[in-house]
Each structure stands twice: as structure tokens, then as C-alpha cells.
Amino acid sequence: MLSEPRSGRLAAWGNALLAGLVSPDDAALAIVGSDAVHRVEGLPGESAPVGLTLALGRLRALGVSGLRVALPAPGHPLGLSGPPEFNARALEAEEAVVCHGAALGLVPEVYEAGPAGDVHVEVVWHCLPVREAPPADVPSLGEAERELAEALRDATTVLSRLDVAGSGPVAEAAVEAYRARAEAGREMLAPGYPPRAVRVLELAQRVGLLVSLAYENGHGGAVSASEMGARVAALRPVERTGRRAEVAAYNAYVEERER
């Protein structure tokens, strides 16, 4: 979770558009981000891939009133509701968007093209049928915030003792990049989200950064097999809790509307 998931941008800014808080062009620009182009394939009523602006308008016409995020991992179908075909596609991509108000979901497929140093990214969102059921294992914002605090408190002693928070210039650069992004306008979510969702997302992404650095920097201070096992055991629930909180933050818009 070193960077914002594309499903998060699509859900957040798609929800802002559905609420009438941003224009279609502004929403599409925010969703694409640094990618070259996004298209949506398989939309009902469309025989070919279409651009984001048209796709979001079509989804609204089909009855979509909100967008949820799923961030599944092996053994953890977080945010998914089926069917198996959609779940498998989402698990392969490690993310998806599930529509509220219509039995549709969107899974990104990412393509890279161009020479080294000038690579551009194109994304195709595959629109597929989903099962209309509650998403798996998604906590409320309040639950997510409490779980994050508890997971960090329980893991801090082990992580510190095993020196897994990352060190050296690569880790320091990653931390500084995160801090710079966090301070640049504070626009972590699109308009319309409650402040608590922004707070939970920021903490969840900070937890994701810690876990990513820990995994990327080898075994840190864990020099024995037992210490390495303890390190993995300490990181796994923290990573899982971070993903659950991130999904809760992105899905807060739909949950607020349902209440």
C-alpha cells in the first residue's frame, strides 16, 4: 500500500461525481492520475471499450448510486461478495470496485508500453456481473480505527525488537515521499467523504507503508529462524488490519448514504 490503489481513486471520485460534487472531467482526471488513459470494457449497452466519463454516466443510468472498494488477498476476500468468477479476477488484480445499486463490478487490468525511462500505463476496467450481497469482512469506520490502534500497539514491541521498520536511504526516501504526499493539499479522498474516513485512510496507508518497508528490507534485525517467524507473525495481522481499514475508509461514502 505504498501508493493509492486505482480502485480507491475510481470509487472515491466516482462517488463524488455521483453526488454531484465534482464535474465528469475533473473526476476522470483524478481517477486517471499519472496513468496515460483508462477505459471501461463490457459495460451493458456498449459494444466496445469507452472512456471514463461516458462509463460513469452509463453506470449512473443503470442505477448505480455508489461505489465500494475491494482489496482481496489470498485467503481473505476483503470487500467481495461473489460470484466466484468475479472474485477470482479481483484476487488476481488484488483490487476491484463493486457498484451499489446495480449488480456490476469493475476489475482493472494494467498495461505498460514504451521504452525504458518513458513507460506509460494504460488501464482497462473490465465490467462484470456481481452478486448483490454484503461485502466480506469490511468493518465500520469506528471499528477500523480501533482495530488499527490495537494492532499497532500489540505489534510495536515485536517490530521494534526485530528492527523491521526499515532503514537506510531507500526506506528514508519512501518515508519522506509519503510525508510530502500527505502534506500536499491533504486531498486523500474526494469531496463528500466524512473527516473520519480521511483520518482512517491516512493511518491505514501509514501502516501499509510500514509493512511494505518491513517486507522489502529483508529480515532486518531478525537473525534467527524463530525471530524471522515472529517478524512475519507480527506483520501479517497488521497488514490485514490496514487493508480492512483502507476499504472501510473508501466505502464510507456508501455506508453514510445507506444510514
Side-chain angles (χ1 to χ4, degrees), residues 1-18 30-31 33 35 38 40-43 52 55-56 59 62-110 123-141 143-144 147-148 188-190 193 197 200-201 203-205 207-208 211-212 236-258:
M1 292 190 294
L2 282 173
S3 59
E4 185 178 25
R6 291 181 172 88
S7 57
R9 294 204 305 267
L10 176 57
W13 289 92
N15 284 331
L17 174 62
L18 292 170
I31 293 166
D35 298 333
H38 284 215
V40 180
E41 182 178 74
L43 269 175
L52 276 176
L56 290 168
L59 289 173
L62 291 169
V64 174
S65 58
L67 300 171
R68 287 188 171 104
V69 169
L71 296 177
H76 189 206
L78 176 60
L80 298 176
S81 57
E85 295 80 6
F86 180 81
N87 286 6
R89 195 84 176 249
L91 181 59
E92 182 179 0
E94 299 182 339
E95 61 177 314
V97 170
V98 179
C99 299
H100 179 68
L104 297 170
L106 300 147
V107 180
E109 186 170 5
V110 180
V123 179
V124 175
W125 292 89
H126 298 278
C127 187
L128 303 164
V130 299
R131 183 180 297 136
E132 291 186 289
D137 199 34
V138 179
S140 68
L141 273 178
E143 291 170 336
E147 288 174 2
L148 278 173
M188 297 192 69
L189 281 171
Y193 277 82
V200 169
L201 180 60
L203 181 56
Q205 291 186 344
V207 167
V211 172
S212 297
R236 187 177 293 119
V238 178
E239 186 273 338
R240 185 185 182 102
T241 299
R243 282 191 301 109
R244 292 181 79 237
E246 192 169 8
V247 170
Y250 284 120
N251 293 1
Y253 172 85
V254 175
E255 305 308 324
E256 288 282 321
R257 284 181 61 88
E258 286 186 334

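The model shown is predicted, which means the values in this text are computed figures rather than measured ones.
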Give, for atom CG of Leu78 and atom CD of Glu246, the distance between the pair rounded to the nearest 0.5 Å.
-> 9.5 Å
Does the side chain of Pro84 come within less than 4.5 Å of Arg131's, by heavy atoms?
-> yes
What's the shortest heavy-atom distance between Leu189 and Ala12, and which atoms?
-> CD2-CB, 4.1 Å
Any idea which heavy atoms bring Gly82 and Asn87 closest together, and the distance?
-> N-OD1, 3.1 Å
Measure across Ala248 and Ala144 and return the closest heavy-atom pair with its distance rounded to 0.1 Å.
-> CB-CB, 4.0 Å
Heavy-atom side-chain contact between His76 and Arg244 under 4.5 Å = yes
So the salt bridge (Lys or Arg N to Asp or Glu O under 4.0 Å) pairs with at least one residue in residues 90-108 (sequence neighbours excluded) are none
Enumerate donor-acceptor pairs with a distance under 3.5 Å from any side-chain N or O in residues 62-73 to protein atoms, sequence neighbours excluded.
{"unit_1": "Ser65", "atom_1": "OG", "unit_2": "His100", "atom_2": "O", "d": "3.4"}
{"unit_1": "Arg68", "atom_1": "NE", "unit_2": "Glu255", "atom_2": "OE2", "d": "3.1"}
{"unit_1": "Arg68", "atom_1": "NH2", "unit_2": "Glu255", "atom_2": "OE2", "d": "3.2"}
{"unit_1": "Arg68", "atom_1": "NH2", "unit_2": "Glu258", "atom_2": "OE1", "d": "3.3"}
{"unit_1": "Arg68", "atom_1": "NH2", "unit_2": "Glu258", "atom_2": "OE2", "d": "3.1"}

Note, Leu59 side chain near Val40 side chain (heavy atom, < 4.5 Å) = no
Does Asn15 reach the side chain of Tyr193, with side-chain heavy atoms less than 4.5 Å apart?
-> yes
Locate the shortest heavy-atom distance separating Arg89 from Val107; write the atom from each residue and the value.
-> O-CG1, 3.6 Å
Distance in Å, Leu52 CG paired with Leu17 CG, rounded so as to fall on 0.5 Å steps | 10.5 Å
So do the side chains of His38 and Leu10 get within less than 4.5 Å of each other, counting heavy atoms only?
-> no
How long is the span from the CG atom in Asn251 to the OG atom in Ser140, to the nearest 0.5 Å?
-> 12.0 Å
Side chain proximity check, Leu106 to His126, heavy atoms < 4.5 angstrom | no
Quick one: list whatever passes side-chain contact (heavy atoms from CB on, under 4.5 Å) with Glu85, sequence neighbours left out.
-> Pro83
Closest approach of Val200 to Ala249 (non-hydrogen atoms, all atoms of both residues) | CG1-CB, 4.3 Å
Tell me, do Leu201 and Gln205 make a side-chain contact under 4.5 Å, heavy atoms counted?
-> yes
In Å, rounded to the nearest 0.5 Å, how long is the span from CZ of Arg236 to OG1 of Thr241?
-> 12.5 Å
Of all heavy-atom pairs between Phe86 and Leu80, which one has the smallest distance, and what is that distance?
-> CE2-CD2, 3.9 Å
